[in-house]
Amino acid sequence: MSDVVSCDTSIRVRYAETDRMGLLHHATYFVYFEIGRTELLRQRGISYREVEDAGHFLVVIDIGCKFKKPAQYDDLLTLRTTVARVTHVKIVHNYKLLRGDELLAEGHSTLACVDRDGKPQGLPEILK
């Protein structure tokens, strides 16, 4: 597995993701963040499914977003997902959503590793 800690993902805003004003709905940014985390893992050669099949579940315990400029229907965006910090049981990601070079939003999330019963457990080596 490589030492990749950042991943760029292209996302086109779909009509169903917009509000009546044609702007990307605020809740969709968090869906995009999950896409970024999934693609970052995939780029590292693993999938969420493999992690979960091994009994490790990553739950969001903190998430936030600062909205700078709106995205609109059919915009082609780049989501930059970066691993900011890894502890014994947590992974912190940072996100930048861009339209070209224009910063539209910045976000963060913290995921904790738990077992099937929801009890905290150490991150598997593959995620460190």
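Sequential numbering from 1 along the given sequence is applied to the chain's residues.
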Return the CG to CZ distance between Asp75 and Arg14, rounded to the nearest 0.5 Å. 13.5 Å
More than 12 heavy atoms of other residues, nucleotides or ligands under 6.0 Å from CZ of Arg80: yes or no? no
Please determine, by modelled atom types, if His108 and Asp62 share a side-chain donor-acceptor pair under 3.5 angstrom. yes
Minimum heavy-atom distance between Ser109 and Ile63, given as atom pair plus value: CB-CG1, 4.0 Å
Same cluster or not: Leu123 versus Val59, using hydrophobic residues (I, L, V, M, F, W, Y) connected whenever any side-chain heavy atoms lie under 4.5 Å apart? no
In Å, rounded to the nearest 0.5 Å, how long is the span from CD of Glu106 to CG of Leu98? 9.0 Å
Under the side-chain contact (heavy atoms from CB on, under 4.5 Å) test against Val13, which residue among Leu23, Thr18, Asp74 passes? Thr18
Indicate if Ile61 and Val92 have the same hydrophobic cluster label, given that clusters are the connected sets of ILVMFWY residues with side-chain heavy-atom separations under 4.5 angstrom. no
What's the spacing between Ile91 CD1 and Leu41 CG if we round to 0.5 Å? 7.0 Å
Main-chain N/O of Gly55 paired to Gln121 side chain as donor or acceptor, under 3.5 Å: yes
Grab the two heavy atoms, one from Arg99 and one from Leu104, that are nearest each other, plus how far apart they are. NH2-CD2, 3.5 Å
Note: Leu76 and Ser10 closest approach over all heavy atoms is CD1-CB, 4.4 Å
First locate atom OG1 of Thr81, then atom CG of Asn94, and finally report the distance between them rounded to the nearest 0.5 Å. 9.5 Å
Partners meeting ring-ring contact (aromatic ring centres under 6.0 Å, His included) with Phe67 (sequence neighbours left out): Tyr29
In terms of hydrophobic clustering (I, L, V, M, F, W, Y; side-chain heavy atoms under 4.5 Å; direct or indirect links), are Leu40 and Val51 co-clustered? yes
Pairwise distance CG(Leu77) to CD(Gln72) - rounded to 0.5 angstrom: 10.5 Å
Measure from the side-chain N and O atoms of Asp115 to the backbone N and O of Asp117, and report whether any donor-acceptor pair falls under 3.5 Å. yes
How long is the span from the NE2 atom in His56 to the CZ atom in Arg116, to the nearest 0.5 Å? 9.5 Å
With a sphere of 6.0 Å drawn around CZ of Arg12, does it hold more than 12 non-hydrogen atoms of other residues, nucleotides or ligands? yes
I need the minimum non-hydrogen distance between Ile126 and Ile46, along with the two atoms involved. CD1-CG2, 3.0 Å
ring-ring contact (aromatic ring centres under 6.0 Å, His included) with Phe33: which residues, sequence neighbours excluded? Phe30, Tyr95
Between Val83 and Leu111, is there a shared hydrophobic cluster once you connect ILVMFWY residues whose side-chain heavy atoms come closer than 4.5 Å? yes
Do you know which two heavy atoms are closest between Cys7 and Gln43, and how far apart they sit? SG-OE1, 3.1 Å
Does a sphere of radius 6.0 Å around CD in Glu34 hold more than 12 heavy atoms from other residues, nucleotides or ligands, not counting ones at 6.0 Å or beyond? no
Gly122 and Cys113 have their tightest heavy-atom pair at O-SG, 3.8 Å
Cluster question for you: counting only ILVMFWY and a side-chain heavy-atom cut-off of under 4.5 Å, with indirect links fine, are Leu97 and Ile35 together? yes
